[in-house]
Protein chains: 2
Amino acid sequence: MLKNMNFIEKLRETGLRPTKQRVKICEILFNREKTFHFTINDLAKKIFEELNEKISLATVYNTVHALQKKGYLKEISINSNKSYFDTNTSVHHHFYDEDTHQLIDCDENEIETVNIKKNITGKKINSVEVLVRVASDNQNQN
Amino acid sequence: MLKNMNFIEKLRETGLRPTKQRVKICEILFNREKTFHFTINDLAKKIFEELNEKISLATVYNTVHALQKKGYLKEISINSNKSYFDTNTSVHHHFYDEDTHQLIDCDENEIETVNIKKNITGKKINSVEVLVRVASDNQNQN
DNA sequence: TCAACAGTTTAGAATAATTATAATATATAA
DNA sequence: TTATATATTATAATTATTCTAAACTGTTGA
């Protein structure tokens, strides 16, 4: 994957000035095997844990939004008062575990391609995403 | 539909005490032909417009959540800092117009049943919903 | 190399949605 | 009708996010 990538180059290529903070955030986000689902708060906490250094919350917001705009991150639609982001930017679907509030990527072969038979006139489809809400089997029995 | 239904009886049946405020909110929500997509704020505004009477925001929140818990309303997954609710409680999908920020119900025949081939072990699927994001055709051309 | 400038970061204030609180009011059952 | 459990309300508190304005830093070009 993106392991050990030179984030400075990567950022520069996309027109983002490779500041110290942005490089650190990229390291945290992309230097990992599996995709990462997070809220801004999760990310800020991780930065502090892994780097033992605080980056201003405003900067975390700005940087995440900049990365999202450039297509390095994707915002996910779950109903929640927080925004969730995903380092897996391909079009893909999610399971949302209502017990643990965890978000799990669907493998491509777990959900069949969704067939949209009729679209709104004059509009272009930007994305089609499925959210499968699951919960423990013994719950919701009433 | 629910037109001219006796909301007092309806509420009582489901164990919600039919207070003046709850009945009024039910009237606004369910005495209509088409389904209604709204945020708490939209609803509060409509209450004031139609009844010329103010119901405390806290009550609107409480009531909407009570109705949701009883299955009269459904919360919709769009990424936004607000919660959206829907008076159409059947499992159905949505188009989200990114230009106008409008939410549009999909007709049943516009999207084929989504086939989930593999589920998370030990979990029960509560809902499967599709969000189709659309935007004006001449946008996003870059 | 260094000055200048544009773009960044930052702390903290501002805003907005939502939830909590606690006093008052009301619906309902006895 | 009265007691009691529940609901409503205004307001305060909380939380996520955005704004602001000052200080800082990466980059460009002299």
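Letters A, B, ... mirror the listed sequences (proteins, then strands); counts begin at 1. Computed from a predicted model, the values in this text were never measured in an experiment.
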On DNA chain C, does the nearest nucleotide to B:Pro18 precede the nearest nucleotide to B:Tyr61 from the 5' side, or the other way round? Give the residue. B:Tyr61

d(B:Cys106 SG, A:Ile116 CD1) to nearest 0.5 Å is 6.5 Å

With under 30° as parallel and over 60° as perpendicular, where do the rings of A:His94 and A:His37 fit, or are they tilted in between? perpendicular

Below 4.0 angstrom, which residues in residues 48-57 of chain B have at least one non-hydrogen atom near DNA chain D? B:Lys54, B:Ile55, B:Ser56

How sharply is the helix from C:dT1-D:dA30 to C:dA30-D:dT1 bent, taking the axes over five pairs at either end and rounding to 10 degrees? 20°

From B:His65 atom NE2 to B:Phe85 atom CZ, the distance as rounded to the nearest 0.5 Å: 4.0 Å

Just N and O in the side chain of A:Ser83: are any of them under 4.0 Å from OP1 or OP2 of D:dT17? yes

Separation between CG of A:Asp86 and CD of A:Gln68, rounded to the nearest 0.5 Å: 11.5 Å

Short side-chain N/O contact from A:Arg12 to OP1 or OP2 of D:dG26, under 4.0 Å: no

State plainly whether the residues A:Glu129 and A:Lys74 are in salt-bridge range, i.e. N to O under 4.0 Å. yes

Would you mind classifying the nucleic acid contact of B:Thr19 as base, sugar-phosphate or nothing, using non-hydrogen atoms under 4.0 angstrom? sugar-phosphate

May I ask you to verify whether the side chain of A:Arg17 and the base of C:dT8 hold a donor-acceptor pair under 3.5 Å? no

Please state whether the phosphate of D:dT9, meaning OP1 or OP2, lies under 4.0 angstrom from any side-chain nitrogen or oxygen of B:Gln21. yes

I need the NZ-P distance between B:Lys70 and D:dA7, as an integer number of Å. 10 Å

Can you tell me how the ring of B:Phe38 sits relative to the ring of B:Phe36, calling it parallel under 30°, perpendicular over 60° and tilted otherwise? parallel

Return yes if some donor-acceptor pair links the side-chain N/O of A:Arg22 with the main-chain N/O of A:Leu16 below 3.5 Å, else return no. no

Start at the 5' end of DNA chain C and walk down; is the nucleotide closest to B:Lys20 or to B:Lys82 reached first? B:Lys82

Taking NZ, NE, NH1 and NH2 as the nitrogens, is one of them in A:Glu50 or A:Lys24 under 4.0 Å from a carboxylate oxygen of the other? no

Rounded to the nearest Å, what distance is computed from the CG atom of residue B:Asn62 to the P atom of nucleotide D:dT11? 17 Å

Just to be sure I understand the rule, does A:Thr39 reach a base, reach only the sugar-phosphate, or reach nothing, if contact means heavy atoms closer than 4.0 Å? nothing

Nucleotide D:dT17, atom P - distance to CG of A:Asp42 in whole Å: 11 Å

